[in-house]
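Taking it in order: structure first as structure tokens, then the write-up.
Heads up: numbering here begins at 1 and tracks the sequence.
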Amino acid sequence: MFGMRNVPLLLLLLLQLLRAGSALDNGLALTPPMGWMSWQRFRCITDCDTFPDECISEKLFRRHADLLVSEGYADVGYEYVIIDDCWLEWNRDNKTNKLVPDRKRFPRGLNVLADHIHAKGLKFGLYQDFGTKTCAGYPGVIDHMALDAETFANWDVDYVKLDGCYANVSDMATGYPEFGRLLNETGRPMVYSCSWPAYQSEFGEQPHFDSLKRHCNLWRNWDDIDDSFESVMEIVDYFAKNQDSMQPHAGPGHWNDPDMLILGNYGLSYDQSKLQMAIWAVLAAPLIMSNDLAKVRPEIKEILQNRDVIAVNQDPLGIQGKRLLMKQNIEVWRRPIEPKINGEYSYADLFDKDNELGVFRKESQFKTRVIPNGVNFYKFTAL
């Protein structure tokens with residue numbers, strides 16, 4: 001079941017007539033954002049002499065923009081190339097107070113990189129922190145929020161991730177909305193990814209979801225993901241246990257975010273990789289990969305580019321799925337995806353190329369068998 005290790009699990013997708021919520025005023029992220037981010041795979045590697053292909057640098061992000069296109073990821077919807085932490089100099093410019101990209105690793109600044117990403121038909125994302133420092137100790141936005149928002153616009157940024165290290169949690173409920181307002185005032189459309197619920201959860205505080213929906217396009221709810229199946233399942237279990245408070249607030253323009261896809265790294269088997277992809281699709285989660293795209297094995301690439309699973313994730317109704325039951329080490333989840341109710345359904349296995357299985361009627365019984373730490377993912381479509 002989801003939340004337990006080395007046991008079977010089942011993911012079952014059904015259809016139901018429901019309405020979607022309204023979008024944010026910025027009109028962005030009407031479906032969960034898809035793309036690639038550096039953090040989980042490349043962390044804060046800054047030694048480009050020892051690790052020239054892995055350090056946080058212009059080269060790394062140009063390479064992954066190129067790979068998103070050449071390897072077919074852009075064709076199925078992955079569009080954001082997002083720099084996470086460790087891209088900055090240790091200090092702001094001593095004359096202008098502006099943020100400065102590391103001069104050695106980003107010698108031409110960020111506009112050149114943004115131009116390259118945009119020329120590929122992709123979008124450019126950038127990390128900052130609400131505190132005095134980023135989580136790795138680089139300058140944060142506090143006391144410079146208006147300046148940094150304008151700087152991001154001048155750098156042609158399309159997506160901003162704002163972390164919450166070195167900050168007072170009590171200030172986040174006002175500070176995060178303020179920075180979002182400042183981003184909007186620049187006139188440049190920028191998806192806004194917030195982190196304050198993840199920090200509130202550490203102190204047992206309940207997130208103010210109505211405010212989140214008004215001011216953020218997506219928000220991290222809980223702990224960072226690590227490259228392990230245990231980490232994936234802990235996040236899944238958190239989302240299941242808190243679904244009644246979280247699920248009603250997800251929808252077009254405002255998404256709960258369980259963190260990055262780690263498929264293609266070291267911690268997940270083939271079946272565990274299918275499991276993460278399936279659950280993230282049912283949760284209407286952002287599909288932000290963090291891996292080395294040049295080293296993703298073909299069978300994992302096939303999971304990441306599964307158009308049927310991505311279509312579930314990107315369903316325009318934007319309804320987050322929920323766990324229905326846990327019984328005999330099986331966990332069943334459902335996500336409504338189309339406004340149809342009928343007595344008959346065609347059904348398909350979304351991880352099987354020959355996936356049309358037949359017709360399912362009200363009186364029918366559905367049976368399936370799931371391997372330990374695996375997932376079965378079915379779509380039922382009203383006829």
Side-chain angles (χ1 to χ4, degrees), residues 1-13 32 34-43 54 64 67-68 71-73 76 78 222-240 257-283 285-313 321 323 326-333 335 348-355 367-379:
M1 69 180 194
F2 296 133
M4 295 185 64
R5 313 301 174 259
N6 300 316
V7 292
L9 71 158
L10 166 69
L11 188 148
L12 180 64
L13 185 67
M34 297 176 62
W36 180 91
M37 182 184 290
S38 56
W39 180 254
Q40 212 301 308
R41 174 59 181 84
F42 297 101
R43 298 285 177 165
E54 299 182 79
H64 277 83
L67 287 165
L68 280 176
E71 293 297 313
Y73 293 94
V76 297
Y78 295 95
W222 198 53
D223 204 5
D224 286 357
I225 197 167
D226 289 321
D227 188 14
S228 72
F229 184 61
E230 180 181 11
S231 178
V232 170
M233 296 311 301
E234 287 173 350
I235 291 170
V236 169
D237 196 47
Y238 180 86
F239 267 66
D257 182 4
D259 211 1
M260 294 162 278
L261 292 170
I262 59 170
L263 287 75
N265 292 321
Y266 309 108
L268 300 185
S269 69
Y270 172 72
D271 287 291
Q272 291 165 352
S273 297
K274 290 199 298 184
L275 185 153
Q276 191 194 11
M277 189 72 179
I279 283 291
W280 264 233
V282 166
L283 289 175
L287 298 183
I288 306 295
M289 303 178 289
S290 188
N291 50 24
D292 188 335
L293 291 176
K295 298 179 179 179
V296 175
R297 301 192 308 273
E299 68 272 21
I300 304 301
K301 176 181 173 182
E302 185 176 5
I303 298 170
L304 287 165
Q305 295 187 9
N306 185 311
R307 291 178 182 271
D308 291 328
V309 175
I310 290 171
V312 171
N313 175 265
R323 185 171 67 186
M326 297 169 60
K327 185 176 182 181
Q328 297 179 342
N329 292 336
I330 296 290
E331 187 160 338
V332 180
W333 291 67
R335 178 179 176 184
D349 181 343
L350 299 189
F351 282 123
D352 186 342
K353 290 182 180 179
D354 301 319
N355 59 12
K367 297 181 179 181
T368 190
R369 188 174 185 179
V370 191
I371 67 170
N373 288 339
V375 61
N376 290 359
F377 196 3
Y378 299 101
K379 177 180 178 181

Side-chain heavy-atom pair [X], [Y] within 4.5 angstrom cut-off:
| X | Y | value |
| --- | --- | --- |
| F239 | I279 | no |
| L263 | M277 | yes |
| M289 | L68 | yes |
| F377 | V282 | yes |
| N376 | D349 | no |
| V232 | I225 | yes |

Taking all non-hydrogen atoms of both residues, which atom of [X] and which atom of [Y] are closest, and how far apart?
| X | Y | result |
| --- | --- | --- |
| K301 | Y73 | CG-OH, 3.5 Å |
| I262 | Q40 | CG2-CG, 3.8 Å |
| S231 | D226 | OG-N, 2.8 Å |
| L275 | N373 | CD1-O, 3.9 Å |
| L304 | Y78 | O-OH, 2.6 Å |
| S273 | I300 | OG-CD1, 3.7 Å |

Evaluation steps, side chain to side chain contact (heavy atoms under 4.5 Å, CB included), between M37 and F42: CA-CA 9 Å; M37 182 184 290; F42 297 101; over 6 Å; no
Spacing of L283 atom CG and R323 atom CZ [to the nearest 0.5 Å]: 11.0 Å
Between CG on residue L268 and CG on residue L261, distance to nearest 0.5 Å: 9.5 Å
Evaluation steps, side chain to side chain contact (heavy atoms under 4.5 Å, CB included), between I303 and R297: CA-CA 10 Å; I303 298 170; R297 301 192 308 273; over 6 Å; no
W280 and V309: CA distance, side-chain angles, deciding distance, side chain to side chain contact (heavy atoms under 4.5 Å, CB included) verdict: CA-CA 10 Å; W280 264 233; V309 175; over 6 Å; no
Do side-chain atoms of [X] reach the backbone of [Y] as a donor and acceptor pair under 3.5 angstrom?
| X | Y | answer |
| --- | --- | --- |
| N313 | A285 | yes |
| D257 | P286 | no |
| E54 | D292 | no |
| S228 | G267 | no |
| Q276 | M260 | yes |
| R335 | A281 | yes |

Partner set under side-chain hydrogen bond (donor to acceptor under 3.5 Å, both in side chains) for R307, not counting sequence neighbours: none
Parallel, tilted or perpendicular: rings of W36 and H64 (30°, 60°): parallel
Parallel, tilted or perpendicular, as decided by the 30° and 60° cut-offs, for the rings of W222 and Y238: parallel
Side chain to side chain contact (heavy atoms under 4.5 Å, CB included) evaluation trace for M34 with I310: CA-CA 10 Å; M34 297 176 62; I310 290 171; 3.9 Å; yes
Partner set under salt bridge (charged side-chain N to carboxylate O under 4.0 Å, His left out) for D259, not counting sequence neighbours: R220
Partners passing salt bridge (charged side-chain N to carboxylate O under 4.0 Å, His left out) against D227 (at least two apart in sequence or in another chain): none
